[in-house]
Amino acid sequence: MTDAKFNPKSVDGTNPHGAETSRQEKASTVEVAPPPNVIEPDTELTPEEAEQARKRYLLTRFWISARGYWGRGGDSLAWPCSIGLLTLIGINVGFQYGINVWNRAIFDAIEQHNARTVYFLSAVFLPLVLGTVVLVVAQVALRMTIQRRWRCWLTTAVIARWLANGRYYQLNLIGGDHKNPEARVAEDLRIATESPVDFIAGVISAFLSASTFIVVLWTIGGALSLTIAGSTVTVPGFLVITAVLYAAITSSSMAVIGRHFVHVSEVKNQAEAEFRYTLTHVRENGESIALLGGEEEERNDVEKTFAKVLRQWALLARQHMRTALVSQGSSLFAPVVPVLLCAPKFLEGSMTLGQVMQAASAFAIVQSAFGWLVDNYPRLADWNACARRIASLMMSLDGLERAEQSNALGRIKRGETEGDTMLSLNDLSVSLDDGTAVVKETQVAIEPGERVLVAGESGSGKSTLVRAIAGLWPWGDGSVNFHADRRLFMLPQRPYIPSGTLRRAVAYPRAADSWTLDEIKAALEKVGLDYLNDKIEEDAPWDQTLSGGEKQRLAFARLLLHTPDIIVLDEATSALDEKSQDKMMEMLIYELPKVTIISVAHRAELEAFHSRKITLERREGGAKLVSDIDLVQRKRKRNLLLRLLENRRSPPKGRTTSSNAALPQNRN
């Protein structure tokens with residue numbers, strides 16, 4: 001493995017600088033516009049009005065990013081596919097008009113008993129149908145291509161922003177409406193990109209159809225004369241007026257009846273996401289739940305969450321019932337109304353049967369066009385809810401991105417050390433995203449090969465300090481500096497085990513084939529996992545199969561393969577017994593004698609493997625470094641029986657198990 005510059009975003013692993021650069025270049029190809037400026041709500045608005053304004057802005061925020069698909073940095077096929085789809089819609093309306101004219105001709109021929117014309121029109125009908133079918137199929141293909149590519153482009157852009165600079169982790173540390181980001185990206189973003197294409201295609205098709213067949217209705221229907229109280233009243237374009245009034249009544253009825261559809265759909269989607277998260281949480285923590293016998297409590301929690309889903313489904317069902325009432329009634333009346341309106345003119349002989357049928361067909365098409373909202377209102381409401389949810393995630397990412405570019409909150413600087421110093425913390429203060437201090441004014445310099453133990457009571461900020469060193473925690477002041485061209489590797493308390501083979505798990509975050517099988521086996525043998533060597537190529541749920549101690553041993557095997565310059569151990573041996581812990585630390589020091597180690601741990605026994613100890617103490621206004629001492633490594637007192645039973649191993653030649661440090665001396 002070639003040396004690479006320190007990557008501050010490395011978590012549970014180290015990434016070559018070149019690989020990181022290529023990922024950033026890939027992400028930049030789908031980078032959306034910079035985050036928009038913060039829009040503060042009007043102070044004169046009531047809380048309810050402010051919430052409504054926020055929801056309206058969420059749709060604007062969604063389109064700010066989504067429209068980039070058709071921009072300069074968008075998809076090269078976006079405009080060709082869009083123009084092609086619009087062209088097919090226009091041609092399809094032309095074929096609809098052709099079939100409408102065919103209806104008039106065939107019924108006129110039937111009324112006149114003209115067999116020759118009927119046979120001719122029967123032959124003409126086949127190419128009309130084939131043409132319409134081909135157009136519809138091509139239209140579906142182009143529409144779904146746009147949906148698929150738009151979803152791909154926007155999903156890639158959102159994921160790139162989510163994974164950049166540890167934001168996926170930082171979202172857990174800040175407030176905001178961004179719960180279950182995985183559900184928002186996987187499900188809400190799918191609906192948010194599929195539905196608009198359907199809506200726009202539907203609206204354009206409806207507009208062209210309505211424009212075309214209103215002319216047909218006006219031409220065929222003409223004026224209708226009615227005698228009222230001895231006076232004759234003439235209604236020009238009566239079929240057009242009736243179609244418009246009919247559509248206005250059904251659309252306004254749908255708008256009134258379904259006015260709560262958007263809110264109910266949004267709450268339902270949130271409830272569904274929370275239910276999925278609860279089930280995922282149970283699966284991921286199945287072993288702990290089983291060992292504690294917490295099935296009953298988890299079942300109650302799952303049932304409680306699912307009950308919320310059912311309540312929202314019941315409310316949504318009521319909305320669907322109301323809208324179905326209008327939609328179904330409209331679809332039943334639409335074919336009958338034009339026939340009844342044309343009947344008087346047909347009976348008096350001023351309109352042929354073909355004209356009546358053409359008018360009925362045109363009326364149905366116009367009504368369908370005008371009634372587009374009636375048929376699609378539920379989907380429109382669902383899209384509205386999904387677009388708002390993905391926009392909420394975007395806004396949270398906007399906030400993190402603005403914080404990275406602004407000094408208003410304070411950002412921890414990252415740089416390079418001078419001389420041989422491996423790591424230095426210069427006046428480092430770590431704070432929460434609201435400015436609350438966690439660790440204050442820490443000044444530490446760590447030399448190459450030092451093994452430093454960070455101690456302190458629970459809640460004193462040890463793990464927070466480690467996250468700041470690793471670059472995961474951005475808020476604060478001061479600087480974290482590393483020696484140039486050095487690589488960092490973190491071992492958290494719960495090592496990440498990816499899906500796939502055991503070989504991939506050991507090599508992570510590098511590719512599984514980065515090392516030979518013999519190298520992988522040797523690493524496993526050194527950490528006491530040689531009994532797994534026969535299963536290296538086995539694809540299994542290792543995250544669920546391995547125990548906590550085995551996972552921590554596997555993490556140490558990763559160290560041996562990656563050979564980093566700096567190692568940060570965050571309670572990395574907590575799942576091991578004392579004897580196993582000693583073996584891991586002895587092995588680590590022997591195999592990587594020049595590595596710099598920073599450990600966070602509560603066990604006092606670990607002092608024997610460190611040359612230095614710094615202690616944090618929790619205080620009002622933030623934890624502070626209260627002591628920095630050298631350690632004298634002490635031989636462990638062991639039970640005499642254990643000594644007799646153990647195969648005492650002499651330290652290998654050249655191996656060091658003790659430090660030459662002087663008596664404890666305060667460095668402050």
Side-chain angles (χ1 to χ4, degrees), residues 46-59 61-62 171-172 174-196 198-199 251-286 289 294-329 373-396:
T46 64
E48 293 77 12
E49 292 172 337
E51 179 63 16
Q52 290 300 319
R54 186 189 73 86
K55 288 184 176 181
R56 287 193 297 270
Y57 175 74
L58 285 175
L59 295 181
R61 177 63 191 91
F62 171 77
L171 285 177
N172 300 321
I174 64 173
D177 182 17
H178 51 253
K179 292 188 296 184
N180 312 120
E182 65 283 353
R184 295 172 191 251
V185 173
E187 185 65 18
D188 293 318
L189 198 149
R190 176 186 66 81
I191 296 174
T193 51
E194 284 183 359
S195 298
D198 291 337
F199 296 153
S251 298
S252 59
S253 299
M254 176 64 74
V256 172
I257 290 176
R259 62 186 181 277
H260 299 302
F261 217 122
V262 173
H263 175 71
V264 173
S265 182
E266 186 174 2
V267 176
K268 188 270 295 182
N269 288 347
Q270 179 62 34
E272 291 278 15
E274 291 176 359
F275 179 57
R276 287 193 298 270
Y277 174 77
T278 301
L279 295 176
T280 302
H281 185 72
V282 172
R283 177 179 60 80
E284 291 178 346
N285 297 276
I289 295 170
E295 291 84 358
E296 185 66 23
E297 181 64 22
E298 293 300 326
R299 184 176 65 82
N300 292 336
D301 189 35
V302 170
E303 289 180 351
K304 180 181 178 181
T305 310
F306 186 55
K308 184 178 180 181
V309 174
L310 294 179
R311 286 195 300 271
Q312 296 306 319
W313 263 108
L315 294 175
L316 189 62
R318 295 176 188 174
Q319 294 294 325
H320 275 288
M321 290 165 60
R322 294 172 182 173
T323 55
L325 178 66
V326 177
S327 180
Q328 186 65 17
L373 176 64
V374 176
D375 298 329
N376 290 274
Y377 194 84
R379 288 194 62 200
L380 182 63
D382 197 29
W383 170 82
N384 199 316
C386 292
R388 287 176 178 175
R389 279 175 51 78
I390 193 65
S392 295
L393 175 60
M394 290 177 176
M395 288 183 66
S396 295

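- For the atom pair CZ of Phe62 and CZ of Arg388, the computed distance is 13.0 Å after rounding to the nearest 0.5 Å.
- Once rounded to the nearest 0.5 Å, the distance linking CD of Glu272 with CG of Asp188 reads 10.5 Å.
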List the steps and the verdict of side chain to side chain contact (heavy atoms under 4.5 Å, CB included) for Arg276 and Asn180.
CA-CA 9 Å; Arg276 287 193 298 270; Asn180 312 120; over 6 Å; no
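- Listed by chain and residue number, Arg190 satisfy the salt bridge (Lys or Arg N to Asp or Glu O under 4.0 Å) test with Glu187 (two or more places apart in sequence, or in another chain).
- Of the possible polar contacts, none joining the Trp383 side chain to the Ser195 backbone as a donor-acceptor pair under 3.5 Å is found.
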Using the side chain to side chain contact (heavy atoms under 4.5 Å, CB included) rule, take His320 and Leu316 through it: C-alpha gap first, then chi angles, then the decisive distance, then the call.
CA-CA 6 Å; His320 275 288; Leu316 189 62; 3.8 Å; yes
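- The closest side-chain heavy-atom distance from Leu393 to Arg389 is not below 4.5 Å.
- In plain terms, the two heavy atoms of Ala391 and Leu58 that are nearest each other are CB-O, 3.1 Å.
- The nearest pair of heavy atoms linking Thr305 to Thr278 is OG1-OG1, 3.6 Å.
- The main-chain N or O of Ile390 is never found under 3.5 Å from a side-chain atom of Arg184 such that the two would form a donor-acceptor pair.
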Could you walk me through whether Arg299 and Glu295 pass the salt bridge (Lys or Arg N to Asp or Glu O under 4.0 Å) test, one step at a time?
CA-CA 6 Å; Arg299 184 176 65 82; Glu295 291 84 358; over 6 Å; no
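- The CZ atom of Phe306 sits 14.0 Å away from the CD atom of Glu274 when rounded to the nearest 0.5 Å.
- Under the salt bridge (Lys or Arg N to Asp or Glu O under 4.0 Å) criterion, Asp301 pairs with no residue, sequence neighbours left out.
- Atom CZ of Phe275 sits about 13.0 Å away from atom NZ of Lys308, to the nearest 0.5 Å.
- Counting non-hydrogen atoms of neighbouring residues, nucleotides and ligands closer than 6.0 angstrom, the CD atom of Glu182 exceeds 12 such neighbours.
- Formation of a donor-acceptor pair under 3.5 Å by the Asn384 side chain with backbone atoms of Leu380 is not found in this model.
- In terms of heavy atoms, Pro196 sits closest to Ile191 at CD-O, 4.0 Å.
- Residue-environment remark: OH (Tyr277) stays at or below the threshold of 12 foreign heavy atoms within 6.0 Å.
- Judged purely by atom type and a 3.5 angstrom limit, His178 has no side-chain atom pairing as donor or acceptor with the backbone of Ser392.
- Atom-to-atom distance recorded for Arg322:CZ and Gln319:CD is 5.0 Å, nearest 0.5 angstrom.
- Here Glu296 contributes atom CD and Asn300 contributes atom CG; the two are 5.0 Å apart, rounded to the nearest 0.5 Å.
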